[in-house]
Amino acid sequence: MVQVKLAGVTKRFGETVAVKEISFTASPGEFLTLLGPSGCGKTTTLRLIAGFEQPDAGDILFDSRSVLSDPPERRRVGMVFQSYALFPHMSVKQNVVYGLRFRRGIEKRARVQELLEMVDLAGLEQRSPTELSAGQRQRVALARALAPQPRILLLDEPLSALDAKLRESLRTQVHRIQRELALSTIYVTHDQEEALAISDRIVIMNEGAIEQIGTPQEAYERPQTAFVASFIGRTNRLEGKVAAVEQGTVRVQAGDVTFVVSACRTPVTVGDRVALFIKEEHLQLDERGDNVLQARVISLEYHGEATVVHLESPLGSLRIRASYTEISVLSVGEQIKVSFPTDKAILFPDSFGKNRPGTWPNRIGAT
Ligand code: ATP
């Protein structure tokens, strides 16, 4: 088990700063996920760790030793890509054996068998990758990456080409194998649900920089930046202006409505523009919450385990996630009251809104 540490790492491609002074440590055996939107620098970070790219500044250390001068093959890193990268002219077995090309024959046979059993592909040794399903191909790629017993496993969006059901079952399998092998793993995804489900900790990236590092619960329940608050979960975003700062609460004026919220990450003063983030599941279809809004039901979207209610309020559109029983009394076009508790809105200074014309004061909407 290896500790992976990035210290102030920067990587530029010409004018583009793909990665900006990022620092994090993956503990030995940890499942760490890099999560963020397309182009935020996740793959570049992974390629820097693997040794396929060299940083312009900063250091990368495995167990406190800098690996910057080590070529990829000396870093003993296993990598799985979104596109499988299997050899189509080789069988399943030959693809996995390729990962063991520096081992002796007898050892190889036993190891290939062990790996194929681990990824539930025993019996398919002679198949060509073209005769496999997408999920099976990705499991071959995983077996090949694990074959030489890497010290660190790097996975770059390995499930994003698969359908939703397969993604879920394969992510469980990847997680199980990672746990069994106690392998330090860095996983890249833009899928927050996947990141929340399988990670020990998540590194949330935006525009080449780190916004927050924390457990899935911390990222979901205690976002430290406005970006994280809007990126994680399904969130309604409201804009307003600070009307008063009191003991433990902030009063926010948004159009004709005053909200009282308690969760404030950064100090604000009267007159500051702020953004409030309220998760879909924290808006209530009643007026029992501390902050109440009038709204009209626009549509009901049945999702099976929940129903999403689309609403139009004087401040803009809103979405609420509710149970089927809660919405059974609602009808499209109906005027209702919705509310949210003081402690369920997360408040940040509205740095996004400042230069956006026409957004103040009546912009409110699901992000
Ligand atoms: P995605 O989820 O779409 O794969 P990402 O978060 O992995 O995105 P990167 O692939 O790391 O992002 O790219 C970060 C930035 O660096 C992007 O602006 C990208 O265009 C740029 N970039 C990445 N590789 C290169 C390269 N080899 N040459 C030039 N620019 C690059």
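Whatever order the structure lists them in is the order used to number ligands and atoms, beginning at 1.
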* To do: Might you work through the salt bridge (Lys or Arg N to Asp or Glu O under 4.0 Å) test for Glu53 and Arg47, ending with a clear yes or no?
  => CA-CA 6 Å; Glu53 304 285 356; Arg47 290 175 58 80; 3.3 Å; yes
* Identity and distance of the protein heavy atom lying nearest atom 4 (O) of ligand 1 -> Thr43 OG1, 3.8 Å
* Check whether any N or O atom of Gly39, backbone or side chain, sits under 3.5 Å from an N or O atom of ligand 1, and answer yes or no. => yes
* Can you tell me which residue and heavy atom of the protein come closest to atom 2 (O) of ligand 1, and the distance to 0.1 Å? -> Lys42 NZ, 2.9 Å
* Would you please say whether a donor-acceptor pair under 3.5 Å links the side chains of Gln173 and Asp120? => yes
* Structure fact -> The protein heavy atom nearest to atom 3 (O) of ligand 1 is Ser38 OG, 2.6 Å
* Asked: On the ring face of Tyr220, is Lys279 found with NZ or CZ under 6.0 Å from the centre and within 45° of the axis?
  -> yes
* Met205 and ligand 1 - part of the residue with a heavy-atom distance under 4.0 Å -> neither
* Among Asp191, Ile202, Leu35, Thr33, find the one that has a side-chain contact (heavy atoms from CB on, under 4.5 Å) with Leu196. => Ile202
* To do: Tell me yes or no: between the side chains of Glu131 and Ser128, is some donor less than 3.5 Å from an acceptor?
  => no
* Of all the atoms in ligand 1, which lie at a distance below 4.0 Å from a heavy atom belonging to Glu157? -> 2 (O)
* Asked: Is any heavy atom of the protein nearer than 4.0 Å to atom 19 (C) of ligand 1?
  -> no
* Nearest-neighbour protein heavy atom for atom 16 (O) of ligand 1, which is reported as residue plus atom name and distance -> Ala18 CB, 3.3 Å
* Residue from Val250, Val292, Asn291 passing side-chain contact (heavy atoms from CB on, under 4.5 Å) with Phe259 -> Asn291
* Say whether Pro37 and ligand 1 are in contact under the criterion: heavy-atom distance to a ligand atom below 4.0 Å. => yes
* Asked: Which of the atoms of ligand 1 are close to Cys40, meaning less than 4.0 Å from one of its heavy atoms?
  -> 5 (P), 6 (O), 12 (O)
* Of the backbone atoms (N, CA, C, O) and the side-chain heavy atoms from C-beta on, which set of Thr44 has a member under 4.0 Å from an atom of ligand 1: side chain, backbone, both, or neither? -> both
* To do: Decide whether Glu211 and Thr225 meet the rule of one side-chain donor and one side-chain acceptor closer than 3.5 Å.
  => yes
* For atom 22 (N) of ligand 1, what is the nearest protein heavy atom, given as residue, atom name and distance? -> Phe13 CD1, 3.5 Å
* Asked: Within a distance of under 4.0 Å, is there any protein heavy atom near atom 10 (O) of ligand 1?
  -> yes
* Asked: Glu53 to ligand 1: N or O pair under 3.5 Å?
  -> no
* Min N/O separation Gly41 to ligand 1 under 3.5 Å -> yes
* To do: Is it possible for you to check whether Arg144 lies under 6.0 Å from the centre of the six-membered ring of Phe87, through NZ or CZ, and within 45° of that ring's axis?
  => yes
* Could you go through the side-chain hydrogen bond (donor to acceptor under 3.5 Å, both in side chains) check for Thr258 and Gln253 one step at a time? => CA-CA 5 Å; Thr258 306; Gln253 190 70 37; 2.9 Å; yes
* Polar proximity ligand 1 side, Thr16 side, N/O cut 3.5 Å exclusive -> no
* Asked: Regarding Lys11 and the six-membered ring of Phe13, is the cationic atom NZ or CZ under 6.0 Å from the ring centre and inside 45° of its axis?
  -> yes
